[in-house]
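Read through the structure below, which is laid out as structure tokens, and then see the notes.
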There are 2 protein chains.
Amino acid sequence: MTSAPPPRPVRVLLADDEHLIRGALAALLALEDDIVLVAEAATGPEALAMALAHRPDVAVLDLEMPGADGVNVATSLRTRLPDCRTMIVTSHGRPGHLKRALAAGVRAFVPKTVSARRLAEIIRTVHAGNRYVDPELAADAISAGDSPLTAREAEVLELAADGAPVAEIAARASLSQGTVRNYLSSAASKLGAENRHAAVRLARERGWV
Amino acid sequence: MTSAPPPRPVRVLLADDEHLIRGALAALLALEDDIVLVAEAATGPEALAMALAHRPDVAVLDLEMPGADGVNVATSLRTRLPDCRTMIVTSHGRPGHLKRALAAGVRAFVPKTVSARRLAEIIRTVHAGNRYVDPELAADAISAGDSPLTAREAEVLELAADGAPVAEIAARASLSQGTVRNYLSSAASKLGAENRHAAVRLARERGWV
DNA sequence: CACTGCTCATGACAAACGTCATGCGTGGGC
DNA sequence: GCCCACGCATGACGTTTGTCATGAGCAGTG
């Protein structure tokens, strides 16, 4: 760190929908002389477009953004810009999100509770080709385990998320009402929930929907 | 603004549970030479304690914090430290929260989508004794209107939030099951929801619970 | 090939839920 | 003092649910 400065700085894209935070982060990262911010974005699609235009080394993506969330952007970048390393920062560290992110080829998953200095270090780590996962989130993810839900159970549960009656869920999923009730029932019992609404809540907490 | 600099800088307390954002904001505010950060906090109770210890002119409080949310802290400060002006910053601008905040004597309500420069201006505005409310949030709050729910309807709805069955809600509220169902029914019809679960969702969106 | 697990469906039954009518008490407004 | 809005309750009704048994088609695995 105190030895010879790197010949070429890390080119970074920063995507976050909150100007206040994005601006503040940009200012802090600008203090690091081996990191240069080449683009900023406030939405998922914008992040993708900016990345394609500016070809950063590392894309720092907020998890929750309008348009497309960080993991979706990372997935697109993986094919459209394979040399670009992606990392996710987030306020809400749900275990399931971590899994989803890693599956999408994300190299780092960081909660917003870290310091800016630490974030800069992680950017360097990622740029060097390594991975980083917040230890606490990793522990949560391991203890939460995999989703016990089958694909259809998860799908039906998601459609039930806004409190819609079974008839509507059935129509939207093109299933019979009886089938929908069966899936909801098995999903709820797998999650140890009293009813589908509590099941939705639990699945959400664990990032399984 | 471009005239003589103020003789004494604004003493500011900054409370946010995300280190990354708090640190970044602190750095940005430090650039403003008429603003000095006298304390930082990561939780509601900590914010209160720090405020009492350092007596800032303005307390900048995040709405969502562990322990006690920004509005609760503001309420406490109003009585414990009346000279301290409070302002709320938040990611999620629900109309109801704005109402609640203003009722608690908060002088400004700002979404995190503003720029740091703007935030600094608002801090000065608040310090000067004026108020500031984000125009867009204000419009939302006005169009959303007041909660049509009675106290008990809101209370029962809140207990129903986690998907608990009527029997459990009745037990927790010390009401009969029939009464609970009546309240839930009237609340749902007032909100135009199909059932209590959708009603909970709607009420949450509008900040009425 | 047999076996297992997922998908999708049907029918039936009990429990939970939404709705309505009705009633009583209490406190504020005119 | 009367009336109305609200809080609280009960009982009854039909509908929506959760649950279970059962079965058929279809993938993947040993």
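Reminder, nothing fancy here: chain letters follow the sequence lines and each chain counts from 1.
- Of the possible donor and acceptor atoms, one in the side chain of A:Lys190 sits under 3.5 Å from a partner among the backbone N and O of A:Pro148.
- With no hydrogens or angles considered, a side-chain donor-acceptor pair links B:Ser176 and B:Thr179 at under 3.5 Å.
- Between A:Leu119 atom CG and B:His19 atom NE2 the span is 14.0 Å, to the nearest 0.5 Å.
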List the steps and the verdict of salt bridge (charged side-chain N to carboxylate O under 4.0 Å, His left out) for B:Arg124 and B:Glu121. CA-CA 5 Å; B:Arg124 292 189 196 99; B:Glu121 280 174 31; 5.8 Å; no
In B/S/- notation, 5' to 3', how is nucleotides 17-30 of chain D contacted by protein heavy atoms closer than 4.0 Å? BBBB----------
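- Base contact: A:Thr179 has a heavy atom under 4.0 Å from a base atom.
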Please assess A:Lys112 against A:Asp16 for the test salt bridge (charged side-chain N to carboxylate O under 4.0 Å, His left out), listing each intermediate value before the final yes or no. CA-CA 12 Å; A:Lys112 283 186 181 168; A:Asp16 194 314; 3.2 Å; yes
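- Side-chain nitrogen and oxygen atoms of A:Ser176 include none within less than 4.0 Å of the OP1 or OP2 phosphate oxygen of C:dC8.
- The CZ atom of B:Arg152 sits 13 Å away from the P atom of C:dG27 (whole-angstrom rounding).
- One N or O on the side chain of B:Arg11 and one on the backbone of B:His54 form a donor-acceptor pair closer than 3.5 Å.
- Between A:Tyr183 atom OH and C:dT10 atom C1' the separation is 14 Å, expressed in whole Å.
- Defining each end axis of the helix from C:dC1-D:dG30 to C:dC30-D:dG1 as the rotation carrying four pairs' C1' atoms onto the next four, with five pairs an end, the two axes are found to diverge by 30° to 10 degrees.
- Residues meeting the side-chain hydrogen bond (donor to acceptor under 3.5 Å, both in side chains) test with B:Gln177, sequence neighbours left out: none.
- Separating the CG atom of B:Leu157 from the P atom of C:dG18 is a distance of 11 Å, rounded to the nearest angstrom.
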Worked check of side-chain contact (heavy atoms from CB on, under 4.5 Å) between A:Arg85 and A:Asp57: CA-CA 6 Å; A:Arg85 310 264 153 85; A:Asp57 298 320; over 6 Å; no
